[in-house]
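What follows is a short report on a single structure.
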Amino acid sequence: DVQLQASGGGLVHTGGSLTLSCAASGFAFGDRAIGWFRQAPGKEREGVSCISDLDGRVYYADSVKGRFAIYTDNAKNTAYLQLNSLKPEDTAVYYCAANLVAYYGADWYCRNGMDYWGKGTQVTVSS
């Protein structure tokens with residue numbers, strides 16, 4: 001079974017930082033797409049950052065460019081999202097997602113979603 005377990009959320013003040021982790025099992029990193037999405041109450045899901053092995057590119061939503069960074073540790077089958085300079089509007093439930101094979105580019109996956117999803121982790125940024 002493919003499983004994704006996100007962790008690392010919490011409550012921080014404006015300007016603070018968090019590191020989210022996504023531990024994957026049931027598949028090996030490589031030739032895949034990995035991404036982080038978020039959903040705030042009353043808002044649509046947003047693709048925050050995605051990586052696709054199809055084109056080797058990384059996509060960031062405009063709202064997080066320069067503040068968030070996605071990276072992976074293939075040996076640990078874990079993806080991370082570093083959140084810096086957090087703002088109250090970053091408050092949301094953050095989800096990690098994956099496709100076992102990358103058929104499209106990173107931006108496509110962040111716009112359209114992926115096949116496998118983990119349970120979310122709450123990030124709350126106080127003003």
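From a predicted model like this one, the values you see are computed outputs, not experimental measurements. Starting from 1, each residue takes its place in the sequence as its number. Quick note: numbers below take in every heavy atom, side chains included, and nothing from hydrogens, waters or symmetry partners.
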Discussion item. What's the separation between atom SG in Cys96 and atom NZ in Lys119, rounded to the nearest 0.5 Å?
Written reply: 12.5 Å
Discussion item. Between Asp115 and Asn99 (side chain of the first, backbone of the second, donor and acceptor by atom type, cut-off under 3.5 Å), is there such a pair?
Written reply: no
Fill in: Nearest heavy atoms of Asn77 and Phe27, plus distance in Å
ND2-O, 2.6 Å
Response to the item:
Separation between CE (Met114) and OH (Tyr109), nearest 0.5 Å, reads 7.0 Å
Worksheet item: Which heavy atom of Ala92 sits nearest a heavy atom of Ala40, and at what distance?
Response: CB-N, 3.8 Å
Worksheet item: What's the spacing between Lys43 NZ and Glu89 CD if we round to 0.5 Å?
Response: 8.0 Å
Discussion item. Is there a path of hydrophobic side-chain contacts, each under 4.5 Å between heavy atoms, that joins Leu81 and Val58?
Written reply: yes
Discussion item. To check you understand the geometry: which heavy-atom pair defines the closest contact between Leu100 and Arg32, and what is its length?
Written reply: O-CB, 3.6 Å
Practice prompt. Over all heavy atoms of both residues, which pair between Ser49 and Tyr60 is shortest? Give the atoms and the distance, please.
Written response: OG-CE2, 3.2 Å
Only distances under 3.5 Å count here; give the side-chain donor-acceptor pairs of residues 1-17 to other protein atoms, sequence neighbours excluded, each with its distance to 0.1 Å.
residue: His13; atom: ND1; partner: Ser126; partner atom: OG; Å: 2.9
residue: Thr14; atom: OG1; partner: Ser126; partner atom: O; Å: 2.8
residue: Ser17; atom: OG; partner: Asn84; partner atom: OD1; Å: 3.0

Worksheet item: Tyr95, Val64: one ILVMFWY side-chain cluster at the under-4.5 Å cut-off?
Response: no
Item to complete: Quick one: do Glu46 and Ser63 satisfy side-chain hydrogen bond (donor to acceptor under 3.5 Å, both in side chains)? Show the steps, please.
Response: CA-CA 10 Å; Glu46 177 185 22; Ser63 57; 3.0 Å; yes
Worksheet entry | Which atom of Gly105 lies closest to which atom of Leu54, heavy atoms considered | N-CD2, 4.0 Å
Worksheet item: According to a 4.5 Å side-chain heavy-atom criterion applied to Ile, Leu, Val, Met, Phe, Trp and Tyr, with indirect links allowed, do Ile34 and Tyr116 form part of one hydrophobic cluster?
Response: yes
Discussion item. Is there a side-chain contact (heavy atoms from CB on, under 4.5 Å) between Val93 and Gln122? Walk through the geometry before answering.
Written reply: CA-CA 4 Å; Val93 177; Gln122 176 72 47; 3.2 Å; yes
Worksheet entry | Ile70 with Tyr59, same ILVMFWY side-chain cluster at under 4.5 Å | no
Worksheet entry | Test side chain to side chain contact (heavy atoms under 4.5 Å, CB included) applied to Asp90 - qualifying residues, sequence neighbours left out | Arg38, Arg67, Phe68, Leu86, Lys87, Tyr94, Val125
Item to complete: Please confirm whether the backbone N or O of Tyr104 pairs with a side-chain atom of Ser52, one donor and one acceptor, at under 3.5 Å?
Response: yes
Worksheet item: Are side-chain heavy atoms of Trp108 and Cys50 found at a separation under 4.5 Å?
Response: no
Worksheet item: More than 12 non-hydrogen atoms from neighbouring residues, nucleotides or ligands closer than 6.0 Å to CZ on Arg57, yes or no?
Response: no
Worksheet item: What's in the same ILVMFWY side-chain cluster as Tyr80, cut-off under 4.5 Å, chained through other members?
Response: Tyr71
Worksheet item: So which heavy atom on Phe37 is nearest to which on Gly47, and how close?
Response: CD2-CA, 3.4 Å
Worksheet item: Any chain of hydrophobic side-chain contacts (each under 4.5 Å) joining Trp36 to Trp117?
Response: no
